[in-house]
2 protein chains.
Amino acid sequence: MLGKAQVKYIQSLSHKKFRDEENLFIAEGPKIVAELLAEKPHAIRHIYALEEWLSNNKNLVKNINDSLITPINEKELERISQLSTPNQVLLLVEKFRIDDNIDLNKELVIMLDAIQDPGNLGTIIRIADWFGVKHIICSADCADAYNTKVVQSTMGSIMRVNVLYKNLVDYLKLQKNIRIYAAVLEGTPIQKLSGEHTGILLIGNESKGISEELLQLANKKITIPRKGDAESLNAAVATGIILSHLL
Amino acid sequence: MLGKAQVKYIQSLSHKKFRDEENLFIAEGPKIVAELLAEKPHAIRHIYALEEWLSNNKNLVKNINDSLITPINEKELERISQLSTPNQVLLLVEKFRIDDNIDLNKELVIMLDAIQDPGNLGTIIRIADWFGVKHIICSADCADAYNTKVVQSTMGSIMRVNVLYKNLVDYLKLQKNIRIYAAVLEGTPIQKLSGEHTGILLIGNESKGISEELLQLANKKITIPRKGDAESLNAAVATGIILSHLL
């Protein structure tokens with residue numbers, strides 16, 4: 001059974017302010033929950049799940065203290081879920097420790113300028129994880145990596161990729177002799193880039209692109225050659241395509 | 001002013017059955033509406049727009065008969081909109097004539113097996129348009145290309161790409177000496193494919209992949225090499241990456 005205060009508390013975690021204060025985020029649905037329970041059991045602060053899910057997943061929760069598990073019914077799940085179709089189980093998870101030890105001479109990082117769509121950010125985190133990119137540096141006006149929609153669309157990759165928030169202009173100004181790639185409409189075709197695999201890949205807001213100030217700090221302008229008529233590519237798709245050529 | 005019957009009629013177009021019966025679809029928001037009015041004026045069946053949008057876009061609607069334009073207020077727009085944030089203007093548009101003249105010896109087509117997420121289908125249509133792919137062949141259980149969410153996420157590309165629905169197994173069995181690429185986890189790395197650019201690229205449902213029956217009809221198994229730990233890539237991202245190497 002869920003008390004009113006508990007419902008209110010969980011609902012409050014849909015706001016970044018409260019996630020930051022509590023150092024918690026929400027993960028929902030059997031797939032990501034199974035991954036989190038298997039890989040990050042110590043980060044689990046609470047499990048709210050349908051009886052059915054609990055009885056089918058005894059093995060997954062066997063190392064979790066009973067006091068951290070609350071069986072709920074479908075109506076209660078609906079009240080605390082942030083999904084349009086609530087899906088069996090909801091976790092409260094402690095935010096992960098971020099590794100901010102970046103060596104731009106040895107790794108490629110993704111830098112995001114104002115990616116505001118949660119689905120796009122989540123998909124980019126998943127792409128980073130696929131290509132072995134360990135760090136994503138976001139501008140302050142990007143979506144929050146612990147937004148529930150972002151967490152969902154990472155499909156678990158939020159556990160493995162370090163997402164940092166910084167002033168991008170200040171950060172780029174500090175770099176010396178580092179490749180800074182900017183994805184723009186007229187630059188070097190990406191097919192000519194194979195073998196280059198360290199530095200910073202800068203991806204801009206879809207409607208506005210990369211801000212002028214950042215663009216001036218980039219020393220390699222690159223392009224995904226267009227053969228048809230679409231005006232642009234989705235930011236996540238562009239990130240995936242460029243990484244597949246850079247790495 | 002909007003009558004009750006009109007509201008009901010527009011709302012009914014959220015269902016494929018009614019879109020098919022009426023041969024109509026809905027497009028929303030200033031960006032795609034501007035593109036449709038500029039490129040397909042004869043397909044416009046009705047414009048529902050806020051007064052403000054109408055007075056700012058006289059030029060766009062100057063060739064549209066007044067009887068096809070209904071000024072509405074924000075409350076009315078909310079009632080007919082399928083967006084979570086209604087956006088100034090909503091069009092009823094006649095479905096486009098599909099060009100089903102495909103020459104697999106001269107072009108590459110995308111074939112989608114059970115892509116059910118409207119955002120994914122829309123993004124794939126936009127990617128096709130970027131890379132100059134003219135045809136997408138969908139299984140019957142893919143999302144409907146004229147679903148409002150699909151139309152939104154194509155960002156206008158729905159006008160330029162021909163989306164057909166077919167029995168994929170029957171279609172593939174008819175092909176002789178045609179390259180049929182299947183994106184799988186263990187195949188030829190896509191980096192080795194440059195220069196091949198005709199045939200069929202088969203993309204599977206994200207959780208289930210490509211169905212066994214289709215997979216057996218594919219004669220080229222290809223893979224986006226993974227360097228990290230993500231279990232899979234988003235279907236649209238994978239499509240974009242593969243096309244950037246195939247074309």
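Below, chain A is the first sequence line, B the second, and so on; all start at residue 1.
Among the residues in residues 220-246 of chain A, those with a non-hydrogen atom closer than 4.5 angstrom to a non-hydrogen atom of chain B are A:I224, A:P225, A:R226, A:K227, A:G228, A:D229, A:A230, A:E231, A:S232, A:L233, A:N234, A:A236, A:V237, A:G240, A:I241, A:S244, A:H245. Residues from residues 118-126 of chain A that place a non-hydrogen atom less than 4.5 Å from a non-hydrogen atom of chain B comprise A:T123, A:R126, given in numerical order.
Other residues, nucleotides and ligands contribute more than 12 heavy atoms inside 6.0 Å of the CD atom of A:Q191. Within 6.0 Å of the NZ atom in B:K95, the count of heavy atoms belonging to other residues, nucleotides or ligands exceeds 12. Environment of CD in A:E74: sparse, with no more than 12 heavy atoms of neighbouring residues, nucleotides or ligands closer than 6.0 Å.
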